[in-house]
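All remarks here apply to the structure that follows.
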Amino acid sequence: MAIVGLAKNGDLSQQHGKSRGALVDDDDAADYCLKGVRHLSDAGITRLPGRYVLPALDRPGRSIGAAAGGSPARVKLPVVDLARLRVPTERAAVLSTLYTACRDYGFFQVVNHGVDSEAIAGMLDVAARFFELPFPERARHMSPDVRAPVRYGTSFNQANDAVLCWRDFLKLSCAPTLRDVVPSWPDSPADLREVAASYAEANRRVFVDVVEAALEALGIGDGEDGVMEELATAGSQMMTVNCYPACPQPELTLGMPPHSDYGFLTLVLQDDVEGLQVMHGGEWLTVDPVPGSFVVNVGDHFEIYSNGRYKSVLHRVRVNSTRPRISVASFHSVGVERVVGPAAELIGEERGGEQRRYMDTDFATFLAYLASAEGKHKNFLQSRRLA
Ligand SMILES: O=C(O)CCC(=O)C(=O)O
Ligand SMILES: [Fe+2]
């Protein structure tokens, strides 16, 4: 993921002790912050500690879902119906909706995906119960190693964030195979491994159906480079369970800063509390939660592979003062060793194709980029673009 657009200056007045929380004084604040936002919200703070206060230009500002002047800025994303995709006479129309959504929004909702409602409700429920565990139990899974198959943490990039985000998370790697990694996942709540593993498996099946359709809509089919085969059998899958507790001053902070996702496609399961916003036409639009659906977005890899026909779009998460929110993001891509560049079918004059718009990239380049000073406020994709 690449974070972009965070102002470096601006109103920092609240970052120097003036925004003291009711139950958290400055000496304790650093410690509390590292324990995450669930800890802060459980402590009953009534003001946001300074470390969470964004510079004025980066604040979400006006109340959620309302544009300047009070008119609603919400979006009903294009809907891709997987049941219709399987009907031969309807497939072409669904592919056309999918193509347009990936091009114009970089986001869409998937319905009739075949994952049963119990598996979905079960995943959200076990996620909520995980974050209700006593802090020491959650803290067992904290790790400084970003490659650890299980990692509990807070904010976006805890080690680097100058201003912290109002989010705690549990990352669960699902690769190379669930059988390899599930034994290292948390054993509390007692049903977490079983529920999350069967959810991850079902989520992967949906991803395979959707990415196959999205490649077909590009006119690529299986891909002469074997990309579909790899995505279906040897790709990478990572699941992040996000917890955004109710926040005392939601207008001053974000659950997640503006970012794009790194891989091919991300499938997001959200509960019924809104919070996800997508950048469209220069505005932040709040995504209306559709119960039981997946919000799917194009990641950087897919924008590169499609030579820019599909868009990896900025999105962020707002929080609110009354309702905690849970989401589960599943990130899917090719294997970490694979180099990704524009599909051969789309580029090259000899094929009557278009000009290549992106350099090849690999996972190591992305990690190096994130570690560099540049990575903190510029889009990774931007760095891969050819003039
Ligand atoms: O919480 C959400 O709705 C979105 C999460 C997200 O964008 C991410 O995990 O990359
Ligand atoms: Fe994201």
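Whatever order the structure lists ligands and atoms in, that order sets their numbers, starting from 1. These numbers were taken from a predicted model, which means no experiment stands behind them.
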N or O contact, S327 vs ligand 1, cut-off under 3.5 Å: yes
Sole candidate of R103, R309, R385, K311 that passes salt bridge (Lys or Arg N to Asp or Glu O under 4.0 Å) when paired with E303: R385
Interfacing atoms of ligand 1 (cut-off 4.0 Å, heavy-atom, V317): 1 (O), 2 (C), 4 (C)
F169 near ligand 1 by a heavy-atom separation under 4.0 Å: no
H113 and D209: CA distance, side-chain angles, deciding distance, side chain to side chain donor-acceptor pair (under 3.5 Å) verdict: CA-CA 9 Å; H113 41 62; D209 283 352; over 6 Å; no
Where ligand 1 meets D261 - atom numbers and elements under 4.0 angstrom, heavy-atom basis: 10 (O)
Plane angle bin for Y152 and F130 - parallel if under 30°, tilted between 30 and 60°, otherwise perpendicular: perpendicular
side-chain contact (heavy atoms from CB on, under 4.5 Å) partner of F294, chosen from V115, V268, V111, V328: V115
Hphob cluster co-occupancy, L215 + V110, side-chain heavy atoms under 4.5 angstrom: yes
Sub-4.0 Å heavy-atom approach of N242 to ligand 1: yes
Region of V295 engaging ligand 1 - heavy atom pairs below 4.0 Å: neither
Q270 to ligand 1, any heavy atom closer than 4.0 Å: no
Geometric class of the W166/Y52 ring pair [parallel <30°, tilted 30-60°, perpendicular >60°]: perpendicular
Contact check, H259 vs ligand 1, heavy-atom distance below 4.0 Å: yes
Ligand 1 contact on R325 by region, counting heavy-atom pairs under 4.0 Å: side chain
R338 and D225 ion-paired at < 4.0 Å: yes
Those residues that, when tested against R84, pass side-chain contact (heavy atoms from CB on, under 4.5 Å) (two or more places apart): D81, E90, A93, V94
Numbering as shown, the atoms of ligand 1 that approach F331 to under 4.0 Å (heavy-atom distance): 8 (C), 9 (O), 10 (O)
Those atoms of ligand 1 less than 4.0 Å from some heavy atom in A329: 9 (O)
Distance filter under 4.0 Å to H315 heavy atoms, resulting ligand 1 atoms: 7 (O)
H259 NE2 and D261 OD1 subtending at the Fe ion (ligand 2) (10° steps): 90°
Ligand 1 N/O within reach of Y244 N/O, cut-off under 3.5 Å: yes
Charged N-O contact under 4.0 Å between R129 and D191: yes
